[in-house]
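Count residues from 1 along the sequence. The structure displayed is predicted, hence computed values, not measured ones.
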Amino acid sequence: EIEPPTITAMKIEGAAIRLEVKGMSEAADYFVVPGDTPGSFASAMDAKADAEGFTFEKPETPAAFYKVIGVRKF
């Protein structure tokens, strides 16, 4: 079982949003999903991943919440 990752920081850098994330596993692919309320999330965003988190363009209407979800690689 893969533990869910934790967002540790969110930074707005000009026209981009940076999410710092800990607890990501090499056994999973990760995606950022936006939401308006906890537990209610939309489709995955086009976010560029690196070893420490994700960077993506700030949407015209930013979401109230962001979540990082993992899908196990097979």
For this session: Can you sort out the partners of Ile7 under side-chain contact (heavy atoms from CB on, under 4.5 Å), two or more places apart, ordered by chain and number?
Result: Leu19, Val21, Val68
Problem set entry | pair Tyr66-Met45: side-chain heavy atoms closer than 4.5 Å | yes
Seminar exercise, completed: Residue set satisfying side-chain contact (heavy atoms from CB on, under 4.5 Å) with Glu52, at least two apart, ordered chain then number -> Arg18, Glu20, Asp50
Exercise. Considering all heavy atoms of both residues, which atom of Ala63 and which atom of Gly35 are nearest to each other, and what is their separation?
Worked result: CB-O, 3.5 Å
Exercise. With a cut-off of 6.0 Å (strictly less than), are more than 12 heavy atoms of other residues, nucleotides or ligands near CD of Glu26?
Worked result: no
For this session: Take Phe54 and Tyr30 through the test ring-ring contact (aromatic ring centres under 6.0 Å, His included) and record every step on the way to the result.
Result: CA-CA 9 Å; Phe54 294 87; Tyr30 292 93; 7.2 Å; no
Problem set entry | Separation between CZ of Phe65 and OG1 of Thr37, rounded to the nearest 0.5 Å | 7.0 Å
Seminar exercise, completed: In this structure, NZ of Lys67 is separated from OG1 of Thr6 (nearest 0.5 Å) by 11.0 Å
Seminar exercise, completed: Correct closest heavy-atom pair for Gly14 and Lys58 would be O-NZ, 3.7 Å
For this session: Flag yes if Met24 and Ile2 sit in one hydrophobic cluster, no otherwise; membership is Ile, Leu, Val, Met, Phe, Trp, Tyr, and two members link when side-chain heavy atoms are under 4.5 Å apart.
Result: yes
Exercise. If Ile, Leu, Val, Met, Phe, Trp and Tyr residues are connected whenever their side-chain heavy atoms lie under 4.5 Å apart, and connections chain through other members, are Phe41 and Val71 in the same group?
Worked result: yes
Exercise. Heavy atoms, side chains only, cut-off 4.5 Å: are Lys22 and Pro5 in contact?
Worked result: no
Problem set entry | Interatomic spacing from CD1 in Ile17 to CE in Met10 - rounded to 0.5 Å | 5.5 Å
Seminar exercise, completed: Here the gap from Glu57 atom CD to Lys48 atom NZ, rounded to the nearest 0.5 Å, amounts to 7.5 Å
Problem set entry | Working for side chain to side chain contact (heavy atoms under 4.5 Å, CB included), residues Phe56 and Asp46 | CA-CA 7 Å; Phe56 53 93; Asp46 182 20; over 6 Å; no
